[in-house]
Q: 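Here it is, the structure in full.
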Amino acid sequence: MAQKRALITGITGQDGSYLAEFLLAKNYKVFGLTRRTSTPNYERIKHIEDKIELIPGDLLDQQSLTSAVEYSNPDEIYNLAAQSFVATSWSQPVLTGEFTALGATRMLEALRQVKPKAKFYQASSSEMFGKVVETPQTEKTPFHPRSPYGVAKVYGHWITINYRESYDLFAVSGILFNHESPRRGLEFVTRKISNGVARIKLGLSKNIALGNLDAKRDWGFAGDYVEAMWLMLQQDNPGDYVIATGTNHSVEEFVKAAFEAIGEGSWKKYVKISKEFMRPAEVDFLIGDAAKAQKILGWKPKVSFKQLVKMMVDSDIELLKKNSK
Ligand code: NAP
Ligand code: G4F
């Protein structure tokens, strides 16, 4: 059988790096779209850089996306690139719309014009549920996004379905709940906490400044979630799936578990609440029901909340020790 070919946008990001590893292990030829930066930011993929092929391109630039699809001639396209930080979407709402919403249309256009037989994955988000109208959230739960990011993702979700219905494409939307890892960006709350706790443990900081501790998220491990993306594209028919653990925890519970991972029982003295990290509109509560994915894809998360927190804290301690040498 011919070697399968995949194009990943957002390969330098958390999910892109795990997905690239996953596909390499399945013997795919992996291409990754990277945008121009004044210094390369290949930290998350440096261990596999010699096994993948990077193609220059930007979600803002249709021609570069079309050329990337022509060049890579993919069987599968994973559109993971986005402005993915919710807080930034209020300070850069137009850019967020350009990347996260219209970027999906540009990728779909590239696919439609160049390789309509390729299978397409769109990275949709539980942020689309926002102010939730039912619990737990499923593929059928209506959306009420609470940020320019959430609104942009709703657009990306529906344009994917629209292209599937209009042009008979194999285009799917994975509605993924929060997933984290040691490769998570430092601005997201879980990594901010694991890094902060590691710094406190090593005597490099005295406290962590956080915003709303009451928000609850359904947190899973990114390594588990990229398998679900791939499984969605291995089906005979396209469909949209919720991917989640089915359990949730508050930010406060994450903080507590992270301090417990270093054997510190009293976390309160280390945490400062700062208005700077409060949002104009909050998503208070997310919990997903991944029954459809379990039934049709045979997908289940493997890493528990406690294991995830410990993995992130341990990794940050090791990283800080290594960097201080
Ligand atoms: P991430 O770490 O922030 O990675 C985002 C990626 O997009 C990076 O590779 C980034 O490149 C790239 N990118 C941003 N703007 C671009 C542009 N204009 N042109 C080309 N590439 C661009 O995000 P992630 O956590 O891996 O998430 C992957 C996708 O899943 C995103 O679409 C995110 O919104 C979505 N999602 C994530 C979660 C989650 O919990 N992680 C949940 C649901 C959905 P640079 O390295 O150059 O910045
Ligand atoms: O870690 P967060 O920034 O992630 P958020 O907003 O849930 O978004 C992430 O998950 C989405 C899936 O639902 C993705 F689509 C999206 O791309 C991204 O990956 O914030 C989580 C919660 C929020 O309620 C926030 O208000 O943590 C709260 N929080 C409290 N203090 C904080 C902080 N968030 C951040 N980033 N920093 C804080 O200091």
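Scope of the values below: all heavy atoms of this structure, side chains included, with no hydrogens, waters or symmetry mates. Every value quoted in this text rests on a predicted model; they were computed, and no experiment measured them. Whatever order the structure lists them in is the order used to number ligands and atoms, beginning at 1.
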Q: Would you confirm whether the ring centroid of Tyr78 sits within less than 6.0 angstrom of the ring centroid of Phe31?
A: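 No: the rings miss the under 6.0 Å criterion.
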Q: Heavy-atom distances under 4.0 Å are what count here, so tell me which part of Leu59 touches ligand 1: side chain, backbone, both or neither.
A: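 The answer is both.
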Q: Is the shortest distance from a heavy atom of Lys153 to ligand 1 less than 4.0 Å?
A: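 Under 4.0 Å: yes for Lys153.
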Q: Taking the six-membered ring for Trp and the single ring otherwise, decide whether the centroids of Trp299 and Tyr225 are under 6.0 Å apart.
A: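 So the answer is yes for these two rings.
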Q: Taking 4.0 Å as the limit for heavy-atom contacts, which would you say applies to Arg184 with ligand 1: side chain only, backbone only, both, or neither?
A: side chain
Q: Could you see which bit of Tyr149 sits under 4.0 Å from ligand 1, with heavy atoms only: side chain, backbone, both or neither?
A: side chain
Q: If you measure every N or O of Gly211 against every N or O of ligand 2, does any of those distances drop under 3.5 Å?
A: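 Yes - when backbone and side-chain N and O of Gly211 are compared with those of ligand 2, one distance drops under 3.5 Å.
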Q: If you take the nearest heavy atom of each of Met128, His179, Lys216, Arg184, which one is closest to atom 19 (O) of ligand 2?
A: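 The nearest heavy atom belongs to Arg184.
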Q: How far is atom 30 (C) of ligand 2 from its nearest protein heavy atom, and which residue and atom name does that atom have?
A: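 Protein heavy atom with the smallest distance to atom 30 (C) of ligand 2: Asn212 O, 3.2 Å.
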Q: Which is it for Gln14 and ligand 1 at heavy atoms under 4.0 Å: side chain, backbone, both or neither?
A: both
Q: Please report the C-alpha distance between Glu76 and Lys4 in whole Å, then the side-chain angles of each, then the deciding distance to 0.1 Å, and finally whether the salt bridge (charged side-chain N to carboxylate O under 4.0 Å, His left out) criterion is met.
A: CA-CA 8 Å; Glu76 296 169 12; Lys4 275 202 179 177; 3.3 Å; yes
Q: Does Ser124 approach ligand 1 within less than 4.0 angstrom via side chain, backbone, both or neither, non-hydrogen atoms only?
A: backbone
Q: Does Lys192 reach ligand 2 with a nitrogen or oxygen that is under 3.5 Å from one of the ligand's nitrogen or oxygen atoms?
A: yes
Q: For Phe99, take its heavy atoms, then give the atoms of ligand 1 lying under 4.0 Å from any of them.
A: 15 (N), 18 (N)
Q: Among Leu80, Ile48, Ile52, which one satisfies side chain to side chain contact (heavy atoms under 4.5 Å, CB included) with Ile11?
A: Ile52
Q: Please check this pair: side chain of Ser194 against backbone of Val313, looking for a donor-acceptor N/O pair closer than 3.5 Å.
A: no
Q: If you take the nearest heavy atom of each of Val189, Leu213, Ile175, which one is closest to atom 1 (O) of ligand 2?
A: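 That would be Val189.
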Q: Could you pull out, from Arg217, Glu252, Glu276, the option with a heavy atom nearest to atom 23 (C) of ligand 2?
A: Arg217
Q: Going by atom types alone, do Ser17 and Arg44 pair a side-chain donor with an acceptor below 3.5 Å?
A: no
Q: Can you check whether Leu176 has an N/O within less than 3.5 Å of an N/O in ligand 1?
A: no
Q: So that I know where these two stand, are Phe305 and Phe254 an aromatic pair - ring centroids less than 6.0 Å apart?
A: yes
Q: When you measure from the centre of the six-membered ring of Phe188, is the NZ or CZ of Arg184 under 6.0 Å away and within 45° of the axis?
A: yes
Q: Of all the non-hydrogen atoms in the protein, which one sits nearest to atom 3 (O) of ligand 2, and at what distance?
A: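 Protein heavy atom at minimum distance: Arg279 NH2, 2.8 Å.
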Q: Heavy-atom contact check, 4.0 Å cutoff: does Arg146 meet ligand 2?
A: no
Q: Do Phe129 and Phe143 make the cut of ring centroids closer than 6.0 angstrom?
A: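 So the answer is yes for these two rings.
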Q: What I want to find out is whether Asp240 reaches Lys140 closely enough, with some N-O distance under 4.0 Å, to be called a salt bridge.
A: no
